[in-house]
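Note sheet for the following structure.
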Amino acid sequence: MIKGFTRFLQSPGQHLKSLFGPQDAPAGSTGPRIIPRQEHPVSRQHFSDASLKVLYRLHNAGFQAFLVGGCIRDSLLGHMPKDFDVATDATPEQVRELFRNSRIIGRRFRIVHVRFGREVIEVTTFRGKPNDDHADHISQQSDDGLLLRDNVWGNLEEDALRRDFTVNALYYNIADFSIHDFADGVKDIESRTLRLIGDPATRYREDPVRMLRAVRFAAKLDFHLDPATEAPIDEAAPLLLQIPPARLFDEVLKLFMAGHGVVTFRLLRQYGLFAMLFPEADEAMDALPWAERLVEHALESTDRRIREDRPVTPAFLFAALLWAPVQQRQVRLEDDGMPAIPALQAASQQVVSRQLQHITIPKRFSLPMRDIWDLQQRLPLRRGKRVFQTREHPRFRAAYDFLLVREAAGELEPGLGDWWTAFQDADEHEQRRLLGKVDADPAGTPAPRNKRRRRRRRRKPSNNDS
Ligand code: ATP
Ligand code: MG
C-alpha cells in the first residue's frame, strides 16, 4: 500500500485533497480531468485478482478497459472495495467470446457476467445517447420518460454522463492507471456530496430506482444529497410504483442488508420513499406507537449481526417490516369474532398478497417469515410437550429473536423473552423449575402494552390448546 493512501485511510476525507495533484482543469475546458497514477491513491492492490484478469484480457485484446463505479468511489474513500464493475468498448458478444466463464444477462440493460469461483465481475459496454432512430430492442422509453431499454453503445464520455451520481462516474484506466473524472466526481467525494449527473427530475423519471440508490449511498457513505438532487424526490417518489416487484426486491435487500439499515430506513421514511415500498406498513407506523420502533430494533439487530459477520436472513427482516399491518388486520378480524389463530393466518395472507403487488418476496423467504409470525402465538404456550416442540421448531431461534424485538419496541410487556432466554440454556432441573413457574401463573402470557379487548378473547384458544 502506498504511503499516502495509508495516511488517507487513517483519516478519510481530510487528506484526499492533498493526495491529488493540481486540482482544477483549465477554465472552460470540456472533457475529463485525467488524474495520472502518481497523483491519486488508487492502487491495483485494492482490486481483486479476478477484476484485474478481466481488465488485462480486454486490454490485451485491443479494447479499452476501465474499473468504474463503487469500487473506485470506495477506494478513494479508503474502503476496500468488494464488488467490481468493468466498463469497455467491447460489445457483450465480444466480451462473451473472450471469457468462457461468462454469460450475457439482462434485457433492459444488457451486461456480461464473468464468473471466477464465487466472484462475479460485471462487464458493461459503454452506453451512448439514444435517439428516435433506434429499434425498440435497443432503446425504448415510456411516454413519461421511464427507460425501458438502454442498450445503445457509445464512447467513454457518453457512458460517464449516463451514470447516476458524479461519484459513481470515476474510471480507472488499466492502460496507464490514471483516473478519468468527467463529472467532477472527485470534488464531490471530497465534500461528501451525492449529486446526480444532468437534470435530477429527468434522471429520476428515466429510472426512479435512482431515488433509492441516493438514499442507500447517503446512508452507506455518510454523504449528503446535493439540494438539487434532493428537491425532486418528494414529487417523484410515486414513480417507484412503476418498477417491477422483482427489481424492487433486489433493491430492498441492498437497502436493508448492507449494514446501514437503521439510517437507511430513517432516510426512506424522511423522503416519503418507504411508503412507496411498504404502503401498509407505513400507514401502520402512523397508527401504532411501537410499529416504527419495532422495525428499527429489527434493523439494529441486523446491522449488528452484519458487523459481527453473522448470518442474516431476509425472512426476519420482512417479518419485522410487515408485522404491524398483520397485527392491525388480526385485531380487526378478531373484533369481527374470528378466533386468534385463524385471524393471524388470514391477516398474514392478506398482508402478504397486498405487499406482493409492490415487492416480490420469494417463497424461500415468505414461508419462514410466516413461521416466525405463527410462532409468536406458540411462544406463550408453555405447558406439557408443547414447549419442547416449540423449542425444536427450525424457526424457533428467529421467532425468539423476533419476540425480543417486539418486547424491546414496547409492543409487549417484557417477561416472556426472559423466560425463553432462561429456558433455552437451562439444564433439565432448571427447565422443570421454569415450567413450574408457568403453572403457578396460568395467565403468564405477555399482554399487549395497550390493553385491548382481544386479550380476553385470546386466552380461549390457548386454554383449549394445552
Ligand atoms: P455498490 O456496488 O457499492 O452498491 P455501485 O456504485 O458499484 O455501488 P452498482 O449497482 O454496482 O453500484 O452499479 C455500478 C455502477 O453502474 C454505478 O456506480 C453507476 O455508475 C452505474 N449505475 C448503476 N445503476 C445505475 C442506474 N440505475 N442509473 C445509472 N447508473 C447506474
Ligand atoms: Mg458495484
Side-chain angles (χ1 to χ4, degrees), residues 42 46-48 50-51 54 66-88 105-106 108-114 119-130 139 141 145-152 154 156-172 179-185 188-189 194-200 202-223 229 236 239-240 242-244 247-248 250-261 264 306:
V42 176
H46 305 143
F47 306 141
S48 71
S51 65
V54 171
F66 296 85
L67 278 172
V68 62
C71 57
I72 305 306
R73 178 197 70 215
D74 292 351
S75 303
L76 285 171
L77 286 165
H79 308 304
M80 226 33 197
K82 287 198 202 91
D83 145 298
F84 299 92
D85 302 291
V86 170
T88 179
I105 63 157
R108 189 182 65 89
F109 199 82
R110 287 178 76 217
I111 59 175
V112 185
H113 274 179
V114 186
E119 188 174 354
V120 174
I121 308 296
E122 262 182 29
V123 183
T124 308
T125 306
F126 295 150
R127 273 1 186 224
K129 226 179 154 42
S139 155
Q141 200 156 9
L146 185 73
L147 274 179
L148 302 170
R149 288 268 194 286
D150 187 3
N151 292 316
V152 178
L156 176 61
E157 172 151 20
E158 288 168 325
D159 189 75
L161 301 179
R162 298 195 57 72
R163 291 188 177 261
D164 49 6
F165 300 97
T166 59
V167 296
N168 285 348
L170 294 164
Y171 293 73
Y172 174 91
I179 288 180
H180 292 227
D181 179 2
F182 289 89
D184 272 345
D188 284 337
I189 284 191
L194 279 169
R195 186 193 315 273
L196 273 170
I197 297 170
D199 170 53
T202 308
R203 302 304 313 277
Y204 290 138
R205 269 199 302 279
E206 284 174 0
D207 184 4
V209 167
R210 288 171 186 154
M211 291 182 274
L212 301 179
R213 291 174 59 84
V215 163
R216 177 155 72 84
F217 294 133
K220 169 178 157 170
L221 307 170
D222 191 21
F223 274 32
T229 292
L239 297 173
L240 280 169
Q242 311 171 6
I243 302 301
R247 184 168 177 217
L248 286 184
D250 293 342
E251 288 302 322
V252 162
L253 293 194
K254 288 189 207 158
L255 286 165
F256 293 132
M257 313 247 308
H260 309 275
T264 306
I306 291 170

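From a predicted model like this one, the values you see are computed outputs, not experimental measurements. In listed order, ligands and their atoms are each counted from 1.
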- Query: Is the side chain of Tyr171 donor-acceptor paired with the backbone N or O of Glu157 at a distance under 3.5 Å, no angle test?
  - Reply: no
- Note on the structure: min-distance protein heavy atom vs atom 15 (C) of ligand 1 -> Arg163 NH1, 3.5 Å
- Task: Would you check if Glu158 and Arg127 make a side-chain contact, meaning some heavy-atom pair closer than 4.5 Å?
- Result: no
- Message: Could you tell me if the side chain of His260 sits less than 4.5 Å from the side chain of Arg216, heavy atoms only?
- Response: no
- Task: Work out whether the distance between some heavy atom of Arg73 and some atom of ligand 1 is less than 4.0 Å.
- Result: yes
- Query: Would you say the side-chain atoms of Arg203 pair up with the backbone N or O of Leu196, donor to acceptor, closer than 3.5 Å?
  - Reply: no
- Message: Within ligand 1, which atoms have a heavy atom of Gly69 less than 4.0 Å away?
- Response: 18 (O)
- Measure up the Phe66 and Phe126 rings against each other and bin them: parallel (under 30°), tilted (30 to 60°), perpendicular (over 60°). tilted
- ligand 1 contacted by Phe165 (non-hydrogen, < 4.0 Å): no
- Message: Below the 3.5 angstrom mark, is there an N/O of Asp207, backbone or side chain, next to an N/O of ligand 1?
- Response: yes
- Task: Mark up the atoms of ligand 1 that fall under 4.0 Å of a heavy atom belonging to Arg162, in ascending order.
- Result: 29 (C)
- Message: Looking at Arg195 and Asp184, is any side-chain nitrogen of the basic one under 4.0 Å from a carboxylate oxygen of the acidic one?
- Response: no
- Note on the structure: Among N, O or S atoms, Asp85 approaches the Mg ion (ligand 2) most closely through OD2
- For atom 19 (C) of ligand 1, find the nearest protein heavy atom and state the residue, atom name and distance (0.1 Å precision). Asp164 OD1, 3.4 Å
- For Arg213, is the nearest heavy atom under 4.0 Å from an atom of ligand 1? yes
- Message: Against the six-membered ring of Phe217, is Arg73 placed for a cation-pi contact (under 6.0 Å from the centre, within 45° of the normal)?
- Response: yes
- For Asp83, is at least one N or O under 3.5 Å away from an N or O on ligand 1? yes
- Item | Salt bridge Asp159-Arg163, side-chain N to carboxylate O under 4.0 Å | yes
- Message: For a 4.5 angstrom cut-off between non-hydrogen side-chain atoms, does Asp188 reach Leu194?
- Response: no
- Task: Identify, for atom 4 (O) of ligand 1, the protein heavy atom at the shortest distance, and state residue, atom and that distance.
- Result: Arg216 NH1, 2.9 Å
- Message: Can you tell me if Lys220 contacts ligand 1 (heavy atom of the residue under 4.0 Å from the ligand)?
- Response: yes
- For the Mg ion (ligand 2), the nearest N/O/S atom on Asp83 is atom OD1
- Indicate yes or no: does an N/O atom of Gly70 lie under 3.5 Å from an N/O atom of ligand 1? yes
- With a 4.5 Å limit on heavy-atom distance, are the side chains of Asp207 and Asp164 in contact? no
- Close approach of Glu206 to ligand 1, heavy atoms, under 4.0 angstrom: no
- If you scan protein heavy atoms around atom 28 (N) of ligand 1, the nearest is Arg210 NE, 2.8 Å
- Nearest-neighbour protein heavy atom for atom 14 (C) of ligand 1, which is reported as residue plus atom name and distance: Asp85 OD2, 3.4 Å
- Query: Can you tell me if Asn151 and Arg108 form a side-chain donor-acceptor pair at under 3.5 Å?
  - Reply: no
